[in-house]
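Single-structure report; data block below.
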Amino acid sequence: MDRAMTVSITAGNRQGSGADLIGRGGAQRDAAGGLGPRLRLDLPVTRLSAYFLPTVKEAPADAEAVSHRLMVRAGLVRQLGAGMWSFLPAGWRVHRRVEQIVREEIDRIGGQELLLPLLQPAELWRRSGRYGIDELFKLEDRRGADLVLAMTHEEALTSHVANEVRSYRDLPLILYHFQLKERDEPRPRAGVLRTREFVMKDSYSFDRDLEGLDASYEKHVSAYDAIFDRCGLEWYRVESDVGAMGGFGAHEYMAPCAAGENEVALSSAGYAANVEVASAEPRPVADLPEPLAAPEPVDTPGATTVEQVAGMLEVPHGALVKAMPTITESGEAVLVLLRGDHRLNEIKLHNALGEPARPARVAEVAERFGSVPGFIGPVGARTRVLADEALRGLRGLVSGAGEADRHLRGVEPGRDFDAEWVDVRTVEAGDRCPAGAEIRLEPAIEVGNIFKLGTRYSEPLGATYLDESGTEHPVWMGSYGIGPARIMAAAVEQYADERGISWPRSIAPFDVELVRLGGADEEAARVADDLYGELRDLGLDVAYDDREIRPGEKFADAELLGCPLRVTIGRRGVEAGEAELQVRRGRESANVALAGAAEEVLERWRRLP
RNA sequence: CGGGGCGUAGCUCAGCCUGGUUAGAGCGCCGCGUUUGGGACGCGGAGGUUCGCCGGUUCGAAUCCGGCCGCCCCGACCA
């Protein structure tokens, strides 16, 4: 009863402030030259005695990723099924704060927020040619009409633009929404990192021509840079594969962390690319054998692997020519050559060939390549030959002789065989970026992507406009995604320590966790109640731990939840006229005078990362 | 889709191989008391449709066999 009254009075006092999205806190944030306004999420009930924040000591046994474990333990999220996650109140606060940062930055570049349906007619997807995608959830209504659950919203929005946009005067446009995406993922994993249903901010730009698209793209680059900065993440914008859909350019925003499913190639000179597309100068081969005047056969009985051949001939792996017989999707036989110590990058090969390819089967090696698996080589090859750039200019190489149990040494590209030079190898740590700096590889989460679509959707869906001369043109489009839940998970991964989460200030569920020690009937409780009100009046969102539990539990929960600042009020401090402040990141603490403590807390909060 | 693993109390797990009485532990939860600046202690208590589901073997199944479902991890695949 007492509690209920407190809650309702609090709500009454704060009436109207819940809708104050920016408020004084935001103005102060700007004045501090910090991260700009963050979403004010003042709610009547932020007393933990009445808040749904189920923390647990032990993470589910099957949780491996740090973010997965901590987000569950801290009471932010709960799993409903494979790849299906619920956000609990504190977790949803973080999500909303991320959303608000995204919203402000997309608005700033002229984006207009709207909302498109998740449930859509299959017909649209048939027209765009995406109905066949395996990840697309397909269903039927009671009348038997085919429907889909959207995995992105190009079709829906392009179809509206096709209906409404007629003239060059109607362009350009940037439209966006926050909406669920549904994907029948073959393998959901790592908590909130890869799920079958998730909220995405997706924006779409519509321009008259490629120049317009380039401008919209650049606007998104600036907005995205600002978003990830404001969210407090360590991030890289990397070149990415334009994918099978074609396209005119694409970048991914990657947040490095252990649970990342992608790998990015980075250098101190600023090079950043997804390994899927990264290019770099390989390390030279040490101790290449002496060149020979002509290739010379050598017996290599049973040696079919790089390892075996290099060992038998006592040459470095890099002295070998790795020849990979492949068959393209259209059925062409192509021999792909790599340096022996390198690995093929299938995406780069796909891009070089203009179509997917697969390894040749044993029978095909004989029939199409006229050779023997394990002993195939480029000298005398009767198919098209692609050679990786890393082989260019090397001499004294060893390659398969094209017959069983035999290799050739002294092989030289150009002299002994001709090839088309391509870049199809996977970069590795220690390579050199174009500026000469050493490449390192890091796992990372993709938290956003930007993509120049061109007319991939406007053409099939009929989104056209008339220019000044009355000529019809397809609209040029770009698409731009951000996953707020992945930003959350990335922040958890990047800043967690052995005690729990440590949120960046801008996206923390609460700005401050106020810990009251001792019972509700003690002096400390009255002091804490007062401070709670003062902090809220100053514009801070406060989680007030007024629960009747032991101090150890409160501290452990506070450090698990990871609010940037913790304020402790206990009998000891009250008697000394002090409150204890602890900065979550680094866990440094200091005592401040109770008089003026609220202002001091605000001051310190402003200076946090 | 291939490989591996798991499914017993809210959570973490034991029991299963070697079938046999009322299916256990720790944590958590509820009550009382002592405590109260880092997950405290004591006493009492609730909680499992009987062990994911279905079927089979058996006098008897959490335990053995088969099928199915769910979940996790690795790989493939992929926003």
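Keep in mind it's a predicted model, so treat the numbers as computed, not measured.
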Going by salt bridge (charged side-chain N to carboxylate O under 4.0 Å, His left out), name the residues that satisfy it together with [X], two or more places apart in sequence or in a different chain.
X        : value
A/Glu459 : none
A/Arg526 : A/Glu523
A/Glu182 : none
A/Glu553 : none

Say you pick atom [atom1] in [N] and the same atom in [M]; how far apart are they, in whole Å?
N     : M     : atom1 : result
B/C65 : B/A25 : C1'   : 30 Å
B/G15 : B/U63 : C1'   : 9 Å
B/G70 : B/C53 : P     : 15 Å
B/G24 : B/G3  : C1'   : 34 Å
B/C27 : B/A40 : P     : 9 Å
B/C71 : B/C29 : P     : 29 Å
B/C17 : B/A61 : P     : 14 Å
B/G75 : B/U58 : C1'   : 42 Å

Across all strands, who's sitting opposite [N] as a Watson-Crick or G-U wobble pair, both distances under 3.5 Å?
N     : value
B/G60 : none
B/C32 : B/G42
B/C13 : B/G24
B/C51 : none
B/G75 : B/C1
B/G7  : B/C69

For atom [atom1] of [X] and atom [atom2] of [N], their distance in whole Å:
X        : N     : atom1 : atom2 : answer
A/Glu548 : B/G31 : CD    : P     : 13 Å
A/Arg547 : B/U36 : CZ    : C1'   : 15 Å
A/Leu88  : B/G10 : CG    : C1'   : 15 Å
A/Arg78  : B/G10 : CZ    : P     : 14 Å

Under 3.5 Å, which N/O atoms of the protein pair with N/O atoms of nucleotides 37-43 of chain B?
residue	atom	partner	partner atom	Å
B/G37	O2'	A/Arg572	NH1	2.6
B/G37	O6	A/Gly570	N	3.3
B/G37	O6	A/Gly573	N	3.0
B/G37	N2	A/Glu580	OE2	2.7
B/G38	O4'	A/Gly552	N	3.3
B/G38	O6	A/Arg566	NH1	3.4
B/G38	O6	A/Arg566	NH2	3.1
B/G38	N1	A/Glu559	OE1	3.1
B/G38	N1	A/Glu559	OE2	3.1
B/G38	N2	A/Arg499	NH1	3.0
B/G38	N2	A/Glu559	OE1	2.5
B/G39	O4'	A/Glu553	N	3.4
B/G39	O2'	A/Lys57	NZ	3.4
B/G39	N2	A/Glu553	OE1	3.3
B/A40	N7	A/Arg550	NE	3.4
B/A40	N7	A/Arg550	NH1	2.9

Q. Considering heavy-atom distances to RNA chain B, does A/Glu261 or A/Gly191 have its closest nucleotide positioned more toward the 5' end?
A.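 Result: A/Gly191.
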Polar atom pairs (N or O), protein with nucleotides 69-72 of chain B, under 3.5 Å:
residue	atom	partner	partner atom	Å
B/C71	OP1	A/Ala82	N	2.8
B/C72	OP1	A/Gln79	NE2	2.9
B/C72	O2'	A/Asp62	O	3.4

Please check if the side chain of [X] supplies one atom and the backbone of [Y] the other of a donor-acceptor pair under 3.5 Å.
X        : Y        : value
A/Tyr204 : A/His153 : yes
A/Arg604 : A/Val583 : no
A/Tyr457 : A/Ser159 : no

Q) Does anything in residues 67-79 of chain A pair up under side-chain hydrogen bond (donor to acceptor under 3.5 Å, both in side chains), and if so which pairs, sequence neighbours excluded? A)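 Output for this query lists A/Ser67-A/Glu493.
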Q: With sequence neighbours excluded, give me every salt bridge (Lys or Arg N to Asp or Glu O under 4.0 Å) pair touching residues 148-159 of chain A.
A: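 Residue pairs with at least one partner in residues 148-159 of chain A: A/Arg130-A/Glu154, A/Arg130-A/Glu155.
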Q | By ring pair (Phe, Tyr, Trp, His ring centres under 6.0 Å) - contacts of A/Tyr236 (at least two apart) | A |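 Applying ring pair (Phe, Tyr, Trp, His ring centres under 6.0 Å) to A/Tyr236 gives none.
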Q) At under 4.0 Å between heavy atoms, what does A/Asp134 touch on the DNA or RNA strands: base, sugar-phosphate, or nothing? A)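 Counting heavy atoms under 4.0 Å across all strands, no contact is made by A/Asp134.
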